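See structure below.
We count residues from 1, following the sequence as given. Values below: every heavy atom of this structure, side chains too, minus hydrogens, waters and symmetry copies. Remember, predicted model here, so these are calculated numbers, not experimental data. Numbering of ligands and ligand atoms starts at 1, following listing order.
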Amino acid sequence: MTDQKPVLVSGVKPTGDLHIGNYFGAMRQFVELTKEGKYRPFIFVADYHALNTMQDAEEMRERTREIVMAYLAIGLNPDDVVFFKQSDVPAHTELAWIFDTITTMPYLMRAHAFKDAEAKNKEINVGTFNYPMLMAADILLYDAKVVPVGQDQKQHIEIARDTAEKFNRTYKTDVFTLPEPYIMPEVAVVPGTDGQKMSKSYGNVIPLFGTRDELAKAVMGIVTDSSGERPENVYRIHRLFRSEVNLDALYAEHRGNYKALKEALIEDLDRYLAPMRTKYEEFKQDSAIVDDVLARGKQEARAISEAKMEQVRRAIGVA
Ligand code: ADP
Ligand code: TRP
């Protein structure tokens, strides 16, 4: 019997040094969506997309494995989802080429990512310019209905939708399903140790898989301001782990004692993160599971995308 659930597709770039901002801001919601049982999910590591900015073979290999381990450690169940690596499935780049041939330069020049790069006077590589075509292929190969992404990716989904329509119209076919963006609810921005948005580029992060000592070091480094009633930067991070009522009581009890409050935060962070960290460390020790998961994903994704490519090749007249 065929599975009638709507297909969900999304890609994650293999960025390293994950922090609790990434977790609370995106990764956690993502895993929840795959667990709901409402969709048929395909999640892949967008390594060919990352190639535009990461051109170091060792780093690519390492970060790819890390991101797979990270998702498994935070609870992505490989039985619920086809989890694979983009570069393992040649249909993605093949279809991207076909899309290139029906898309105009002025159309792609209107993409935000391209315009931003241009405004910064960056030398833009062709891969960056074509980024939305590869992304359209990622999505359309699997007949995705639902594409969960952050707000910044919305335009890319619209481009994928336009591309599906253009292909169907050009070749008088209905090979491609039109996808819809699913904008993940904006979670409050997780603040970093200096009170700004937590970001690896600001050096203000609390690492997601840090040891207790690393967590303690990051927390002790939280910038506190003695002018207010309570250390706001500590409080705002702490709020991720406790209810307001509970936290207010704790902060009242230790009013002015920043050290005690930071120690309480370290305790809460460690308690919350330890199970995920333990799993992550286990995978690092024995990463055969990463190979297994990716091998399974590759096989499934290849079979499905190849069937779609046969329809595409017939539609364009090369088969
Ligand atoms: P960074 O800013 O550390 O480079 P990325 O840009 O790689 O992080 O973000 C990856 C994902 O994590 C994005 O979906 C983003 O929305 C989410 N994210 C990153 N930092 C935060 C934060 N401080 N608060 C909430 N979400 C965040
Ligand atoms: N461009 C996305 C990002 O930067 C990653 C991505 C690549 C993606 N292909 C995709 C997301 C297909 C959703 C669907 O985060």
Side-chain angles (χ1 to χ4, degrees), residues 7-31 33-34 39 41-54 63-64 66-67 70-71 74 82 84-87 89 91-93 95-96 99 111-114 116-117 127-128 130-161 163-164 179-208 233 236-237 239-240 301 305:
V7 171
L8 176 154
V9 169
S10 201
V12 290
K13 283 210 266 183
T15 44
D17 305 324
L18 294 165
H19 51 75
I20 63 168
N22 297 134
Y23 176 75
F24 287 104
M27 298 171 77
R28 190 173 62 159
Q29 285 85 305
F30 212 60
V31 171
L33 269 178
T34 64
Y39 305 108
F42 292 77
I43 310 282
F44 62 94
V45 181
D47 51 357
Y48 273 166
H49 274 115
L51 202 54
N52 279 314
T53 49
M54 197 203 303
R63 300 213 154 177
T64 300
E66 274 172 16
I67 198 94
Y71 272 95
I74 70 164
V82 182
F84 65 101
K85 211 165 70 168
Q86 187 181 34
S87 60
V89 185
H92 290 239
T93 46
L95 184 58
F99 288 159
H112 302 314
F114 172 73
D116 290 351
T128 302
N130 265 356
Y131 190 108
M133 294 291 98
L134 181 56
M135 190 156 157
D138 298 338
I139 294 168
L140 300 179
L141 273 173
Y142 302 93
D143 290 329
K145 261 321 244 184
V146 180
V147 187
V149 285
Q151 181 67 33
D152 63 325
Q153 295 294 315
K154 186 162 177 248
Q155 191 190 37
H156 287 149
I157 316 300
E158 287 158 4
I159 294 175
R161 198 181 159 90
T163 307
E180 302 276 353
Y182 171 96
I183 304 300
M184 293 202 276
E186 289 281 344
V187 231
V189 170
V190 176
T193 53
D194 57 359
Q196 289 189 78
K197 179 187 171 197
M198 187 177 288
S199 171
K200 60 180 172 288
S201 42
Y202 301 153
N204 62 358
V205 307
I206 297 183
L208 181 57
N233 291 340
R236 283 163 66 211
I237 297 173
R239 195 51 194 88
L240 295 165
S305 59

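- Ligand-side atoms of ligand 2 in range of V147: 13 (C), 14 (C), range being under 4.0 angstrom from any heavy atom.
- At a 3.5 angstrom cut-off on N or O pairs, Q153 counts as close to ligand 2.
- For the residue pair P179 and V147, the shortest heavy atom distance occurs at CB-CG2, 4.1 Å.
- Which parts of ligand 2 touch K13 is read off a 4.0 Å heavy-atom cut-off, strictly below it: atoms 4 (O).
- Nearest non-hydrogen protein atom to atom 7 (O) of ligand 1 is K200 NZ, 3.2 Å.
- Contact of the Y182 side chain with the V149 side chain is not registered, since no non-hydrogen atoms from C-beta on lie closer than 4.5 Å.
- Here is the list of ligand 1 atoms found below 4.0 Å of a heavy atom in G25: 25 (C), 26 (N).
- The protein heavy atom nearest to atom 7 (C) of ligand 2 is H49 ND1, 3.3 Å.
- Separation of atoms CD (Q196) and CG (N233) is listed at 10.0 Å; rounding is to 0.5 Å.
- Those atoms of ligand 1 that come under 4.0 Å of a heavy atom in V189, given as number and element, are 24 (N).
- The side-chain heavy atoms of L208 and N22, taken from C-beta on, include no pair separated by under 4.5 Å.
- Within 6.0 Å of OH in Y48 there are 12 or fewer heavy atoms belonging to other residues, nucleotides or ligands.
- From the protein, the heavy atom lying nearest to atom 13 (C) of ligand 1 is A26 CB, 4.3 Å.
- Minimum interatomic distance between V9 and P148 (heavy atoms only, all atoms of both residues): O-CD, 3.5 Å.
- Residues M27 and Y71 approach most closely at CG-OH, 3.5 Å, considering heavy atoms.
- Using a 4.0 Å cut-off between heavy atoms, K13 makes no contact with ligand 1 at all.
- Here the shortest heavy-atom pairing between L134 and H92 reads CD1-O, 3.7 Å.
- Every atom of ligand 1 is numbered from 1 in the order shown, and the set under 4.0 Å from a heavy atom of K197 is 20 (N), 21 (C), 22 (C), 23 (N).
- The closest side-chain heavy-atom distance from Y23 to L18 is not below 4.5 Å.
- Of all protein heavy atoms, the one closest to atom 2 (O) of ligand 1 is S199 OG, 2.9 Å.
- Close contacts of ligand 2 with I139, meaning ligand atoms under 4.0 Å from a residue heavy atom, involve 12 (C), 14 (C).
- By heavy-atom distance, the residue among P148, A50, G11 lying nearest atom 5 (C) of ligand 2 is G11.
- Contacts between L134 and ligand 2, counted as non-hydrogen atom pairs separated by less than 4.0 Å, are absent for every part of the residue.
- Here the CZ atom belonging to F42 is positioned 9.0 Å from the CG atom belonging to D143, to the nearest 0.5 angstrom.
- Residue F44 approaches ligand 2 through these ligand atoms, each under 4.0 Å from one of its heavy atoms: 9 (N), 10 (C), 12 (C).
- Between H19 and ligand 1, at least one pair of N/O atoms sits closer than 3.5 Å.
- For ligand 2 and S10, the ligand atoms under 4.0 Å from any heavy atom of the residue are 11 (C), 13 (C), 14 (C).
- G21 O, 3.7 Å is the protein heavy atom nearest to atom 18 (N) of ligand 1.
- Considering every non-hydrogen atom in both G150 and I183, the closest pair reads O-CD1, 4.3 Å.
- For ligand 2, the atoms closer than 4.0 angstrom to any heavy atom of V149 are 11 (C), 13 (C).
- For atom 16 (O) of ligand 1, the nearest protein heavy atom is 4.0 Å or more away.
- Only one option out of H49, R63, K85, Q86 pairs with P14 in a side-chain contact (heavy atoms from CB on, under 4.5 Å); it is R63.
- A heavy-atom distance below 4.5 Å is found between the side chains of I159 and M133.
- When N22, V205, V190 are ranked by how near their heavy atoms come to atom 9 (O) of ligand 1, first place goes to N22.
- The presence of a protein heavy atom under 4.0 Å from atom 24 (N) of ligand 1 is confirmed.
- Contacts of I157 with ligand 2, taken as heavy-atom pairs under 4.0 Å, are absent altogether.
- Those atoms of ligand 1 that come under 4.0 Å of a heavy atom in M198, given as number and element, are 20 (N), 21 (C), 22 (C), 23 (N).
- The closest protein non-hydrogen atom to atom 9 (N) of ligand 2 is D138 OD2, 2.7 Å.
- In this structure, CG on L240 lies 7.5 Å from CD1 on I237, to the nearest 0.5 angstrom.
- Ranking protein heavy atoms by distance to atom 1 (N) of ligand 2, first place goes to Y131 OH, 2.7 Å.
- Note on ring orientation: taking the six-membered ring where Trp is involved, the planes of F84 and Y142 are tilted (angle from 30° to 60°).
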